[in-house]
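Notes follow once the structure below has been shown.
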Amino acid sequence: MFSLESITTIVQNWLTKTFSPNLALFFEFVIVGVLAIALFAALGLVLVLMERKVAAWIQIRLGPNRVGPKGILQSLADTVKLIMKEGLTPDGSDKFLFNLAPFIVMMVAMLALAPIGFSKGFHIWDINIGVLYVSAISSVSVIGILMAGWASNNKYSLLGAMRSGAQMVSYELSVGLCILSIIVLTGSLSLNDIVLSQQNGWWLFKGHIPAIISFVIFIIAVTAETNRAPFDLSEAESELTAGFHTEYSGMKFALFFLAEYINIFIVCAIGATLFLGGWMPFHLGTWEGFNHIMDYIPSFIWFFGKTFFLIFVIMWFRWTFPRLRVDQLLNLEWKYLLPISMVNLVIMTLVAIQGWHF
Amino acid sequence: MVEEIGKTVEGDLIINVGPQHPATHGVLHLVLTLNGETIKKVEPHLGYIHRSIEKMCESLSYRQFIYSTSRMDYLSAHINNHACALCVEKGLGIEVPARAQVIRVLMDELTRIASHELWWGAMAMDLGAFTPFFHAFRERETINDIMEETCGARLTMNYNVPGGVMADLHPNFQERVKNFLKLYKLKIHEYDELVTGNIIFQNRMKGVGYLSKEDAISYGVTGPAARGSGVSSDIRKLYPYEIYKQLEFDEILETEGDSFARYMVRLREMNESIKIIEQLIDNIPDGDFQAKTKAVLKLPKGEFYQRVETARGELGVYIVSEGGTTPYRIKFRSPGFSNLSALDHMARGGKIGDLVATMGTLDLVIPDIDR
Amino acid sequence: MFIVDYIKDIYGAIRSLLVGMNRTGYYFTHHKEIITQNYPENRLELNLPERFRGEVVMTHDENNEHACTGCSACELACPNGTIKIINKFDISPEGKKKKAIDTFVYHLELCTMCNLCVDACPTGAIKMAQTFEHSVYNRGLLTKQLNKPGSKLKAGVE
């Protein structure tokens with residue numbers, strides 16, 4: 001069975017054998033950095049194209065089909081265009097914050113990548129508080145957005161940033177509670193332990209109805225947290241032209257754009273890890289033959305398959321629903337999602353204590 | 001700007017929405033006075049695409065000026081042309097052949113459906129749903145193809161001439177209209193699935209942009225926007241022209257007065273138009289498609305007024321003639337202009353999102369307002 | 001009961017959302033519903049109806065003869081001043097001076113395709129063509145001469 005773990009072990013052994021420990025660590029940093037940036041670039045290209053194709057097919061269109069075979073080079077062409085464009089900094093803006101904001105948003109997205117297990121034994125940093133780390137880091141990105149909105153010296157940007165701030169701060173709560181309801185089952189905050197605890201079945205199936213409810217709420221809340229339609233009030237094209245990134249152009253805009261997609265990838269990866277078993281293959285009770293076949297599929301394919309399925313669901317939302325109004329958005333969180341997820345957490349705790357789950 | 005608004009206080013946020021803004025479907029310029037997200041005042045500024053069509057018409061002959069009215073409300077171009085042709089015929093005292101009347105009414109109703117289809121898509125897009133726009137265009141394209149085949153153009157068809165229509169119906173016309181009716185009935189339930197029944201959409205629309213019956217009358221709101229407030233204002237019923245008197249259709253009235261009522265009026269109106277087309281499509285009388293007219297038309301001295309029901313409301317054409325070959329003065333009473341005047345009243349106290357929803361249900365076409 | 005209403009609300013809301021997602025999901029999976037046409041590729045199959053108004057042209061027969069008498073009816077009918085007719089006087093074999101068309105100037109950039117000139121033409125000399133790709137790099141190219149060089153009036157057309 002093909003596994004990425006063997007490759008990492010070989011590299012690790014070779015590095016520690018050849019160099020002094022400090023130098024080996026440094027080279028590992030470099031390798032991880034290059035891989036992370038490569039993953040970002042690849043994800044950006046793939047997700048943008050995927051979004052456009054999904055949108056096109058839902059809207060009975062063909063979608064990008066001119067650049068490269070079947071249009072697969074379209075996002076590359078877009079990237080080239082964005083790099084060539086002039087990055088304007090408007091007069092009257094706070095130039096330092098204006099230029100800093102896209103990098104903050106981007107860095108947050110990069111940092112949140114650390115504890116995610118892409119495959120069996122393949123993660124950057126198996127930290128024991130992984131879930132807590134991800135939710136802490138992802139709340140920082142609201143600072144970047146507020147910064148962008150404030151520094152632009154544009155009223156549309158300011159309104160968009162304020163909306164985004166209110167939205168992300170409140171939806172953080174339900175995301176946290178949904179994650180907690182899985183934590184009470186696993187008893188560990190480490191993402192690796194959570195995956196390992198789903199060896200005999202995913203939490204979505206093992207945790208009865210409460211797990212399904214928290215999965216649904218999780219998907220809704222992370223859609224809101226990543227500022228995606230129907231919760232894209234911070235950009236709200238028909239109301240605020242482009243919200244917080246109205247004044248951005250060129251590569252600085254591209255960073256915001258990329259960060260949005262990376263954030264989607266990260267939250268979907270977390271969702272896949274918590275509810276769908278991360279890189280764990282799909283196993284069915286006592287069907288030995290079936291389980292064996294499933295084991296043959298490499299674990300990183302399982303991980304990316306599940307993540308991309310969730311990403312598709314979020315894209316599906318975007319191209320189906322109208323946008324909520326700002327007060328309705330907060331109503332939804334405080335009157336529906338939060339109470340339900342609180343009750344759900346209590347039930348889940350009861351389930352965990354009594355051991356009613358499978 | 002600040003003195004003009006007058007009542008602004010320190011701390012109010014003043015935003016220019018438009019002339020180039022994705023929510024205004026064109027070049028409407030709104031000056032919003034905001035208190036946070038809440039709207040205190042909406043002030044429309046007109047004139048960005050004023051082309052002085054009325055003045056231009058004064059130098060054009062009675063045959064020529066009709067084409068320029070296509071450029072006012074370009075979504076119901078045929079109905080605009082119809083109104084002008086009717087007004088000129090009224091002045092000349094021409095009797096339009098029965099076949100031409102039926103053709104005109106058929107085209108009117110097709111135009112009305114096409115216009116409402118586009119409005120439906122654009123309305124959903126205002127609220128952030130992009131998909132309905134493309135789905136609406138699928139049905140609208142079918143109508144445009146019919147128009148292209150019979151009239152020669154898709155949008156600004158210029159098919160009406162004083163005395164009838166420019167050309168006879170294309171031989172394929174009946175078949176293609178029937179195909180369209182089939183397609184429409186096959187797809188209309190999707191409109192409910194995608195948008196009307198959607199809980200987010202209903203919450204965005206219900207109780208938003210309320211316009212009472214009294215206000216609707218005093219602002220001069222007409223068309224579906226007025227009928228959503230329970231004001232009976234369908235010119236086809238109240239002052240029937242052409243053959244509308246002999247046709248069976250209902251005037252759609254909703255009494256809630258909010259955005260959702262106006263939305264429902266338009267959706268149901270499309271079904272009424274379908275009803276009219278079904279009545280006429282198999283009963284097109286034979287005969288001339290154009291009455292005999294002189295090469296140079298001269299209206300007698302006097303004033304002539306004709307109103308019709310466009311997709312947006314009442315369009316009035318007022319011609320003052322001195323007896324020459326060109327009108328002395330022309331005035332168009334366009335529905336969009338009066339409907340826009342009620343926007344401030346409807347949007348006050350709402351959120352920015354409500355303004356967009358309200359504006360969407362008014363179905364503003366900016367060249368119609370500015371002329 | 002408050003709780004029952006609350007749950008009913010949520011059920012109705014989720015149901016309405018799922019109905020919408022079902023519809024878009026249907027289109028996502030049914031690619032035969034796609035209505036987009038590949039425009040430049042389908043140029044050859046592109047069938048525009050014969051009444052489509054793309055550009056005013058003057059019909060010439062195989063002898064390079066047209067039916068335009070230079071009566072200026074189209075010029076008068078045009079609302080935009082799109083058409084300008086320049087006449088000359090031919091000397092006929094009998095020695096009579098006869099009015100004939102020298103240049104039929106057509107400003108495509110001013111034309112709104114209203115069809116009034118075609119309607120006004122007493123001899124059917126001009127008609128609407130179905131071309132629609134009018135983009136050029138030089139605005140001057142949009143001013144056209146409709147009568148071909150060396151063409152003359154068809155015999156019998158008055």
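Residue numbering restarts at 1 for every chain, and letters A, B, ... go by the order of the sequence lines. Values in this document were obtained by computation on a predicted structure and should not be read as measured data.
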Contact winner vs chain C - B:E148, B:M157, B:E149, heavy-atom pairs under 4.5 Å:
B:E148

At a heavy-atom distance under 4.5 Å, which candidate from B:G152, B:A129, B:A153 has the highest pair count against chain C?
B:G152

Answer with side chain, backbone, both or neither: which region of C:Q130 has an atom nearer than 4.5 Å to a non-hydrogen atom of chain B?
neither

Go through B:D168, B:T131, B:N203 and name the one with the most non-hydrogen pairs under 4.5 angstrom from chain C.
B:D168

Could you tell me which portion of B:R63 (side chain, backbone, both or neither) has an atom closer than 4.5 angstrom to a non-hydrogen atom of chain C?
backbone

Residue selection (most heavy-atom pairs with chain C, distance under 4.5 Å) from B:T150, B:T156, B:I200, B:D192:
B:T150

Can you tell which of C:V19, C:I35, C:T112 has the highest number of heavy-atom pairs within less than 4.5 Å of chain B?
C:T112

Do B:R329 and B:E54 touch side chain to side chain, with heavy atoms closer than 4.5 Å?
yes

Residue C:Y27 versus chain B: region with a heavy atom under 4.5 Å
side chain

Validation row: B:I319, B:Y62 side chains within 4.5 angstrom (heavy atoms):
yes

Portion of C:D119 that has a non-hydrogen atom of chain B nearer than 4.5 angstrom:
side chain

Given the options C:A120, C:G54, C:G12, C:C78, which has more heavy-atom pairs under 4.5 Å with chain B than any of the others?
C:C78

My understanding is that only one of C:Q145, C:K84, C:K88 makes a side chain to side chain contact (heavy atoms under 4.5 Å, CB included) with C:T103; could you say which?
C:Q145

Using a 4.5 Å cut-off on heavy atoms from C-beta on, say whether the side chain of B:Q174 contacts that of B:I284.
yes

Indicate the ring-plane relationship of B:F260 and B:Y263, choosing parallel, tilted or perpendicular according to the 30° and 60° boundaries.
parallel

Which of B:R154, B:H135, B:Q202 touches chain C most, by non-hydrogen pairs under 4.5 Å
B:H135

Need one label for C:P79: side chain, backbone, both or neither, based on atoms under 4.5 Å from any heavy atom in chain B.
both

Under a 4.5 Å cut-off applied to non-hydrogen side-chain atoms, are B:F332 and B:N80 in contact?
no

Quick check on C:L76 against chain B: is it the side chain, the backbone, both or neither that has a heavy atom closer than 4.5 Å?
backbone

What I want to find out is whether B:K187 reaches B:E117 closely enough, with some N-O distance under 4.0 Å, to be called a salt bridge.
no

Check whether C:Y26 forms a cation-pi arrangement with C:R23 (NZ or CZ under 6.0 Å from the six-membered ring centre, at most 45° off the ring normal).
yes

Taking the side chain as every heavy atom from C-beta outward, state whether B:N160 and B:C84 have any pair of such atoms under 4.5 Å apart.
no

